[in-house]
Amino acid sequence: MSSRGNDVLDRLRRLRADDAPTHGGRVLSYVYDSGLAELDELADAAARLARPLNGLDPTVFPSIAAMERDVIGFARRMLRGGRSVVGSVTSGGTESCLLAVKTARELWRAKHPDAVGRPRLVAPATAHAAFQKAALLFDLDYDPVPCAPDGSVDPADMIARFGPDVALVVVSAPAYPTGLLDPVGAVAPAAADRGIPCHVDACFGGFVLPWWPKLPDWDFRVRGVTSISADLHKFGYAPKGVSVLLHGGRGRQGRLGRRAQFFATTRWAGYPVVNPTLLGSRSASPLAAGWAISQHLGDSGYAELTAAIRRTATAVRRSVDGIRGLVVLGDPVGPAIAVVADESAPEAERVDPHRLADALVGRGWKIQHQPGFTQSDGVRIPHSAHLTLTPALERGIDEFTGALATASDEVRGTPPADARALAAAMRALGYGEGGRVPGPQAAWVLLRLAGAAKVSADAPLATLMALIERLPAPVAEALLSELLARLSDPR
Ligand SMILES: Cc1ncc(COP(=O)(O)O)c(C=O)c1O
């Protein structure tokens, strides 16, 4: 490496020093550390070997097709799909969800050639935001089904929404915000009876729940499940950029689904194009890394890592049960839990989860703020803190549960952040319900007014979250978009 190259790398190392730690289980969202350094080395080596390839054309680079075959084969055994289950490797959970929706829309259009209205996508309100994005991009109406305050959805409420315009119903295994397993066994067969495809979003739990004991069936064993997404870059322990989308169902349904997912054209002046996924040219490195890790871990490796997550989940739940004023939301299974204030306790005894999250940052732990969400029927899912539990956390579990207890003691009785005055000021400026949506400049001024224009990995977020809860969604979305956009504006 030339000294110039070394200087550049040094600069990157200095930049990286401000990042939240990706290893050691201290960040309980975004990153999925197996705790096995060997896996990282293997992923790096495999990614490097595949670096120069272009995933655009596996006929020119057959190693890509070979790795895809192995990954899809592994995933379909894991998700209990038979030989008729087929699939693709994508760049991540969002792309897998987008393609599941695009597939369903193509099949719905083929079935309803004379339809004038838009097709509908039915999902519990806890389904990942990627499905809202998919509905927007592929022109479907998004129809979220309200959940109970603990995040659980009644299958009857979902089934009641079924109709000829429904192109897809989505359930999660589990839902990210709560860790709850949706009622796949009740929803998918009812959808099948009406000819509606059912996607199980196992982006989060797909590489954990197959080894989690005593769960109701939620995978391809359930009649009516037509596609499943599962992310290698989450609990598959691969670096970012790799997920799978599988299509199954009766007879040729899986193959027809996959065909509807593809884009192909010979109608231009260049090479014939067949894109299985959204991108054209694509890196093969994430695939190679995911392939190497799944080959290396195999069934038994994932089973062991899942056992570590289960022990961690038991310890965290036991610890929360022992904390006055704090409770686990609903009855989660798998690697995520959400904690909320115990509404049955007197106010002076409650532990506000966002105050807790802010207090934990000072102790070197990062759990994720989730704003409260009022659904279309008025039922509110309370604001919470999300914890993604990884195998790496097991080594530090005593320190973490200790920090959870002392940080709870510190904030117990402190009321939730109050953004009423700020929200009222914004209303007075015309940014209230039914009012204006700020443009880029106004959004920036409002952010500064709210004291939220500076962000860092360890900034307290309770006030910003309270503001998001109080502002009309389009206003909050404009503020957050501006906040993120400004981060990458050249200085
Ligand atoms: C259930 C679920 N679906 C979809 C996604 C989107 O995945 P990605 O962030 O990889 O695009 C996530 C991410 O957390 C998720 O938990």
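Start at 1 and go down the list; that is how both ligands and their atoms are numbered.
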Measure the distance from [atom] to every protein heavy atom, then report the residue, atom name and distance (to 0.1 Å) of the closest one.
atom: atom 7 (O) of ligand 1; answer: Lys234 NZ, 2.8 Å
atom: atom 11 (O) of ligand 1; answer: Thr94 OG1, 2.5 Å
atom: atom 3 (N) of ligand 1; answer: Asp201 OD2, 2.6 Å

Under 3.5 Å between some N or O of ligand 1 and some N or O of Gly93?
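Yes; at least one N/O pair falls below 3.5 Å.
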
Where does the angle between the aromatic ring planes of His199 and Phe131 fall among parallel (under 30°), tilted (30 to 60°) and perpendicular (over 60°)?
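Ring orientation, 0 to 90° scale: tilted.
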
More than 12 foreign heavy atoms under 6.0 Å from CZ of Arg395: is that the case here?
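12 or below, so no.
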
Kindly identify the option in Lys240, His128, Glu95 whose heavy atom sits closest to atom 12 (C) of ligand 1.
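Closest candidate by heavy-atom distance is His128.
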
Number the atoms of ligand 1 from 1 as they appear, then name those within less than 4.0 Å of a heavy atom of [X], with their elements.
X: His233; value: 10 (O)
X: Tyr176; value: 14 (O), 16 (O)
X: Cys203; value: 2 (C), 3 (N), 4 (C)

Nearest 0.5 Å, what's the OG-CD distance between Ser88 and Glu95?
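CD of Glu95 is found 9.0 Å from OG of Ser88.
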
Measuring from Asp18:CG to Asp458:CG, what's the distance to the nearest 0.5 Å?
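Between atom CG of Asp18 and atom CG of Asp458 there are 9.0 Å.
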
Quickly, which of Trp212, Tyr32, Phe207, Tyr302 forms a ring pair (Phe, Tyr, Trp, His ring centres under 6.0 Å) with Phe235? Name it, please.
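Of the listed options, the one satisfying the test is Tyr32.
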
